[in-house]
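For clarity, every value in this text was computed on a predicted model and none was experimentally measured. Residue numbers start from 1 in every chain, and the chains themselves are labelled A, B, ... in the order their sequence lines are given, proteins ahead of strands.
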Amino acid sequence: MVRLIAFLIGLFMSGWLLVSAGITTYGMITDPAKETVEAKFHKHPKHVSFKHDGLFGKYDKQQLQRGFKVFTEVCSACHSAKLVSFRDLSALGYSEDEVKAIAKGWKTEVPSINPDTGEAATRPGIAADKIPSPYANDTAARAANNNALPPDLSLITKARHNGPAYVYSLLTGYQPVPANLPKENRPGTGLHYNPYFANLNLAMAEPLTADGQVTYDDGTKATKDQMAKDVAAFLTWTAEPKMNARKAAGWVSLIFLLIFTGLTYLSYRTIWADKKKH
Amino acid sequence: MSFPWANEYKPQHPLMQWVDERLPLPRFVYNAIGGGYPVPRNLNYWWNFGVLSGVALVIQIVTGIILAMHYYASVGGAFESVEHIMRDVNGGWFLRYAHMNGASFFFIVVYLHIFRGLYYGSYKAPREMVWLLGVVIFLLMMATAFMGYVLPWGQMSFWGAQVITSFFSAIPVVGEPLRQWLLGGFAPDQAALNRFFSLHYLLPFVIAAVIILHVWALHIPGSSNPTGVSVKSEQDTVPFHPYYTAKDGFGLGLFLILFVILTFFAPNLLGHPDNYIPANPLSTPAHIVPEWYFWPFYAILRAFTVDFLFIPAKLLGVLAMFGSIALLFFLPWLDTSPVRSGNYRPLFRKFFWVLLIDIAILGYCGVMPAEGPYILLGQIASAYYFAHFLIILPIVSRIEKPLALPNSITEAVTGKAAAA
């Protein structure tokens with residue numbers, strides 16, 4: 001009885017799926033899927049390599065400091081990085097005093113209240129603060145940016161496929177609109193063509209426009225390419241600040257486990273020695 | 001229970017004697033996973049995955065309990081509390097990555113455990129109850145994993161919850177009210193997040209309880225083995241400890257090596273980038289995909305694109321998806337062959353490998369966008385999935401001519417007849 005019912009259910013399920021497959025095939029023939037404009041023009045991120053790539057790679061503190069400078073002077077005009085605290089910046093090689101100075105001198109002050117009147121006020125940042133956002137709230141951010149919301153950048157390199165390369169490609173990927181781009185896909189007012197962006201038209205204007213836009217403290221030549229790479233590295237760090245510790249702990253665990261597993265294999269062989277043959 | 005030649009627990013230390021006379025817990029453990037449990041001597045490495053599944057559950061419970069000390073189940077704070085764990089809690093990044101990848105490893109070892117059972121006929125008499133409880137554990141695991149994925153309240157969390165709970169709205173008449181009752185609202189929100197957190201904390205302990213029943217049921221007939229031939233004499237078995245504790249220890253080492261490689265060097269490989277974007281009910285992701293362990297079932301869900309008379313395609317898809325697991329409950333009665341092991345079933349074995357390839361194809365279709373060719377492939381693969389269990393397996397077990405079985409496990413191992 002169980003087998004008879006199962007047989008009938010199976011016949012129905014498989015039969016109806018095959019009928020559906022036939023209808024799907026018919027649909028594919030009569031109405032073939034057209035390649036979308038996005039699929040045709042959209043590009044995968046460029047290949048870019050960093051010192052922190054790979055199993056042994058560690059963050060290059062000099063590069064992170066350069067990237068932080070690009071973030072401070074360019075990105076942070078519109079974008080927040082609200083998951084990062086000023087104190088976290090000590091991981092970039094800044095001293096305690098430097099961190100305090102960065103927090104105090106940040107262009108946006110931290111929201112607070114006036115201790116005498118209780119009215120809304122602001123105060124200079126301290127090391128324990130999260131990096132203040134450039135806008136008071138999302139509505140203010142949209143109002144200042146042609147109704148587009150600049151996303152928070154703390155996790156951006158983990159929130160996109162191949163994130164660090166994506167950030168680098170987007171920043172260096174602004175191009176003149178191709179002549180063969182259909183009219184309805186051409187950037188409207190306030191939009192900018194960038195083939196590395198999913199729908200090709202980006203509200204953000206090209207942020208890195210000229211070599212030397214930022215003056216690096218370590219003497220590195222601030223080409224557009226260098227700045228894009230450095231800020232991509234910095235944003236990799238903001239998204240994954242514990243990467244160095246993670247890889248180091250990984251190697252220790254792995255070496256321990258290799259020895260442990262070797263020993264368990266030997267004890268397994270020893271214990272089974274009398275059972276294997278006869 | 002067990003075999004007459006099983007070793008008896010003899011406490012050496014007076015303290016253990018004292019305990020054993022009053023509460024025979026040490027005796028219970030000794031008989032369950034110690035020297036008192038005789039196990040077939042010919043188990044291969046595929047028999048490691050039961051113990052490894054148990055280890056994976058323990059890893060999840062331990063890391064999960066500590067994570068819950070720092071996690072905050074609020075739609076406004078959940079995402080940031082996870083990032084607080086990643087950035088500010090000592091070793092928090094390790095706990096969170098271990099828990100995240102631990103879920104994947106739990107499913108990897110459980111899937112291998114299930115495939116071993118399917119190939120070696122572990123679901124057959126007298127072990128049907130072991131199999132049934134195993135399917136219950138699998139269902140509980142899926143519910144737990146789904147609710148855990150919602151907790152970080154990222155984009156995929158939110159939209160995954162939206163999609164999964166919409167299954168219930170496919171039920172005629174009561175569907176939509178039922179969905180709202182389960183969610184505590186019209187869409188996933190604070191009420192849903194709170195109850196998901198509560199249940200995500202509860203279900204692992206329910207799983208642990210069902211595992212105890214699973215192991216209890218296993219100990220009645222004892223473990224199955226690669227020949228499928230029942231244990232006949234003491235020669236056929238070895239005590240679980242030290243023989244299989246040693247072998248499982250080695251297996252555990254290999255498991256942990258792979259676990260460490262993924263957790264420390266590619267922790268986000270199996271995750272989706274969209275879940276690092278905070279949940280936004282106003283912005284639907286381009287492709288909503290579940291975690292990899294649900295891909296085959298997601299493909300079955302989406303394979304139904306055509307209404308059948310008065311039954312809408314959506315309801316068919318939901319029924320098929322649950323049915324694809326529910327049919328496992330009937331497997332012991334669908335496969336009637338008296339031979340257990342696939343090693344001695346030439347025809348069954350061929351179909352077994354076809355099924356594995358079929359499930360891999362379903363997984364591929366589940367992760368790809370719901371577009372023409374992937375839907376078509378998913379429909380054909382789903383058709384085979386149901387045909388395999390409901391039509392092919394019963395017929396194969398009727399017409400197949402199995403190979404000659406060895407007389408005993410010892411004969412299979414040593415190549416000569418048992419001495420006694």
Report task. Measure centre to centre between the rings of B:Tyr244 and A:Trp272, then say whether the value is under 6.0 Å. Result -> yes
Query raised in the report: In Å and rounded to the nearest 0.5 Å, what is the CD to NZ distance from B:Glu80 to A:Lys130?
Result: 6.5 Å
Report task. Among B:Gly251, B:Ser382, B:Pro394, single out the residue with the greatest number of heavy-atom pairs under 4.5 Å to chain A. Result -> B:Ser382
Query raised in the report: Which one of B:Phe389, B:Phe304, B:Tyr384, B:Trp333 has the most heavy-atom pairs closer than 4.5 Å to chain A?
Result: B:Phe304
Query raised in the report: Taking A:Ile23, A:Thr25, A:Thr264, A:Leu18 one by one, which has the highest count of heavy-atom pairs under 4.5 Å against chain B?
Result: A:Thr264
Requested in this report: Give the intermediate values and the outcome of side-chain contact (heavy atoms from CB on, under 4.5 Å) for residues A:Arg3 and B:Phe330.
Outcome: CA-CA 9 Å; A:Arg3 282 176 291 281; B:Phe330 299 94; over 6 Å; no
Requested in this report: Determine the option with the most heavy-atom pairs under 4.5 angstrom with chain B, choosing from A:Ser253, A:Gly163, A:Ala159.
Outcome: A:Ala159
Query - Toward chain A, the part of B:Pro278 with a non-hydrogen atom under 4.5 Å - result: neither
Query raised in the report: Does a side-chain heavy-atom distance below 4.5 Å link B:Glu83 with A:Lys82?
Result: no
Query raised in the report: Do B:Gln379 and A:Ser20 touch side chain to side chain, with heavy atoms closer than 4.5 Å?
Result: yes
Query - Straight-line distance of A:Met13 CE to B:Ile300 CD1, nearest 0.5 Å - result: 9.0 Å
Query raised in the report: Tell me, side chain or backbone of A:Ala248 under 4.5 Å from chain B's heavy atoms, or both, or neither?
Result: neither
**Report entry** Max heavy-atom pair count under 4.5 Å with chain B, selected residue of A:Val19, A:Asp152, A:Leu55
**Finding:** A:Leu55
Query - Heavy-atom pair with the smallest gap, counting every atom of A:Ser154 and B:Arg87 - result: O-NH2, 4.1 Å
Report task. If the plane angle is over 60° it's perpendicular, under 30° parallel, otherwise tilted; pick one for B:Phe250 and A:Tyr265. Result -> tilted
Report summary line: Whatever's closer than 4.5 Å to a heavy atom in chain B on A:Leu83 counts as both
Query raised in the report: Do any N or O atoms from the side chain of A:Trp16 and from the backbone of B:Leu316 form a donor-acceptor pair under 3.5 angstrom?
Result: no
Query raised in the report: How about A:Phe7 and B:Leu390: do any of their side-chain heavy atoms sit closer than 4.5 Å?
Result: no
Query raised in the report: B:Tyr243 versus A:Tyr268: any side-chain heavy-atom pair under 4.5 Å?
Result: no
Report summary line: Scanning both residues in full, the closest heavy-atom pair of B:Gly372 with A:Thr24 reads O-CG2, 4.0 Å
Requested in this report: First locate atom CD1 of B:Ile380, then atom OG of A:Ser14, and finally report the distance between them rounded to the nearest 0.5 Å.
Outcome: 12.0 Å
Query raised in the report: Between B:Asp88 and A:Lys242, does a salt bridge (Lys or Arg N to Asp or Glu O under 4.0 Å) hold up when you go through it step by step?
Result: CA-CA 10 Å; B:Asp88 296 330; A:Lys242 309 288 180 176; 5.9 Å; no
Query raised in the report: By a 4.5 Å heavy-atom criterion (distance strictly below it), what part of A:Thr157 contacts chain B: side chain, backbone, both, or neither?
Result: neither
For a quick test of your reading: what N or O donor-acceptor pairs under 3.5 Å do the side chains of residues 253-271 of chain B make, sequence neighbours left out?
| from | atom 1 | to | atom 2 | distance (Å) |
| --- | --- | --- | --- | --- |
| B:Thr263 | OG1 | B:Phe259 | O | 2.8 |
| B:Asn268 | OD1 | B:Tyr276 | OH | 2.7 |
| B:Asn268 | ND2 | B:Tyr97 | OH | 3.2 |

Query raised in the report: Would the number of heavy atoms belonging to other residues, nucleotides or ligands and lying under 6.0 Å from CD of A:Glu96 be above 12?
Result: no
Report task. Could you give me the CA-CA distance, side-chain angles and deciding distance for A:Phe12 and B:Phe308, then say whether ring-ring contact (aromatic ring centres under 6.0 Å, His included) is met? Result -> CA-CA 10 Å; A:Phe12 167 72; B:Phe308 181 78; 4.8 Å; yes
Query raised in the report: Which residues in residues 33-46 of chain A have any heavy atom lying under 4.5 Å from a heavy atom of chain B?
Result: none
Query raised in the report: Considering all heavy atoms of both residues, which atom of A:Leu17 and which atom of B:Ala303 are nearest to each other, and what is their separation?
Result: CD2-CB, 3.6 Å
Query raised in the report: Got a sec: does the CG of A:Asn137 have more than 12 other heavy atoms crowding it under 6.0 Å?
Result: yes
Query raised in the report: chain A heavy atoms under 4.5 Å from B:Asp335: which part of the residue, side chain, backbone, both or neither?
Result: neither
Requested in this report: Give the member of B:Pro242, B:Ala383, B:Ala387 that has the highest number of heavy-atom pairs under 4.5 Å with chain A.
Outcome: B:Ala383
Query - Region of A:Leu11 that comes under 4.5 Å of a non-hydrogen atom in chain B - result: both
Report task. For residues A:Ala21 and B:Leu376, report the shortest heavy-atom separation together with the two atoms involved. Result -> O-CD1, 3.2 Å
Report summary line: Rounding to 0.5 Å, atoms CD1 (A:Ile271) and OG1 (B:Thr245) come to a distance of 6.0 Å
